[in-house]
K.L.:
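One structure is given below, represented as structure tokens, and several questions about it will come after.
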Amino acid sequence: MSGRIVFDGKACDVESLAMEVMARCQTLARFSEDAGSIRRTFLSPPMHDCHREITSWVAPLRANSRVDAAGNLRIVHPAATPDAPRLLIGSHLDTVPNAGAYDGILGVVLAITLLSAVRDRDLPFAIEVIGFSEEEGVRFDTPFIGSRALVGKLDDEILNRQDAQGISIREAIEKFGLNPAEIAQAAMREDVLGYIEFHIEQGPMLESAGLPLGAVEAIAGQSRLEFTFVGRANHAGTTPMNLRHDAVAAAAEWITTVERHAQNTSGLVATVGAIQAKPGATNVIAAEARLSLDVRHRSDEARNAAVDRFVRQAEDIATRRGLRARSNVLLDQSAVPMDPFLVTQVEQAIGHAGCEPYRMVSGAGHDAMILAAKVPAAMIFLRTPGGISHDPAESVEVGDVAKAIECGLHLLEQLASSSEFQRKIKHA
Ligand SMILES: [Zn+2]
């Protein structure tokens, strides 16, 4: 455990701050659309309660709170000078259905704690804490609604998308009491220095390395494809094995080649997560097999090479078996590197918090990926027990949260005194 650290000449009890952070995450977990489990989708009524609660925490600070037209909670703690640039720290406040208490939420609550810890400090930059309204993509099949607004990418096409009840994003915004005509004002200012996001890892890497914190250096790119093997249906009893054109057997052979290649390629993950057979009867050789493929890597070149290889292999297997193979790209999202300067600063802050610095790649998408298009961005991952997330069993250790707070305080201190960051401040 971390005990007390001296920050800005004052002793700071990080353990009790960490316990408060966890208790606050549990408090926000009570604001749910479902009784007995956590679900808080984009601008659902419980998001009002969530905003009200967080705003009450910052009321004693000299911070300004508002909810922008995209439903993001924005809390600005001013700097010594009124025209100082801003550092953004945040994560998302929405959840998946049957969620845990920490995915996204922890990053917002932790940022509030950092804000409180530096409240009497005249930093050379203002701090804006952002609780993004939407990251998970649950209600509208459209992720990152909140962060898209900050980078000016929440356009009419997206605003017109509808949920299962036929309510558009635009209507949801109005129903929440906000004005979609003011979306443009939700865009971040030109003088933003960077964006920092704390988030649970949602994977097993830190736990297996025995480390509480990781510096994310890139968010992996992602390809999603649909594959179809087309063979010929026939009787399962009367057709000899050498005269078959079995689409499921071809698909199965291909799946194992995909898995083997990913196992033997450093940093590559490839998943066939869905398979559908037609006609889909016990006594009929399948005429068609339709499969999904998800491929991720930090290097776009490596990811694209893997995708090309998987397409070729599907065609080769189909040809050898007298079938046809088709593929269709559904998503081709580039990898997003985090800002090298900020990553190095995060790494140093992790070291100053008494932890071994550890660099890692995020396999999942995050708001930082959207903001990185406009401003330098960095993420700090917290160890996730069992690698479990998007589940009520999602958890985090209080000692790890304490380390994250220490890391955050050191990071702010480093940035406030870094000559390189000062130059960025001057140019902002
Ligand atoms: Zn998240």
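Whatever order the structure lists ligands and atoms in, that order sets their numbers, starting from 1.
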K.L.:
Taking both backbone and side chain into account, is any N, O or S atom of His366 nearer than 2.8 Å to the Zn ion (ligand 1)?
P.N.:
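Here the distance criterion (N, O or S atom, under 2.8 Å) is not met by His366, so no.
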
K.L.:
Check this for me: does any side-chain nitrogen of one of Glu134 and Arg40 sit under 4.0 Å from a carboxylate oxygen of the other?
P.N.:
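Answer for the salt bridge query: no.
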
K.L.:
State, with a plain yes or no, whether a side-chain heavy atom of Arg62 is found less than 4.5 Å away from one of Arg119.
P.N.:
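The answer is no, as the side chains (C-beta and beyond) never meet within the 4.5 Å cut-off.
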
K.L.:
Identify each donor-acceptor pair in which a side-chain atom of residues 332-340 lies under 3.5 Å from a protein atom, sequence neighbours left out, and give them as a table.
P.N.:
{"unit_1": "Asp332", "atom_1": "OD1", "unit_2": "Arg303", "atom_2": "NH1", "d": "2.9"}
{"unit_1": "Asp339", "atom_1": "OD2", "unit_2": "Phe341", "atom_2": "N", "d": "3.4"}
{"unit_1": "Asp339", "atom_1": "OD2", "unit_2": "Leu342", "atom_2": "N", "d": "3.0"}

K.L.:
So, the side chain of Gln276 versus the backbone of Arg290: is there a donor-acceptor pair under 3.5 Å, distance only?
P.N.:
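Checked: no pair found.
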
K.L.:
Restricting to N, O or S atoms of His92, which is nearest to the Zn ion (ligand 1)?
P.N.:
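So the atom name we want here is NE2.
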
K.L.:
Assess Asp103: does it contribute an N, O or S atom lying under 2.8 Å from the Zn ion (ligand 1)?
P.N.:
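Given the 2.8 Å cut-off, Asp103 counts as a ligand of the Zn ion (ligand 1).
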
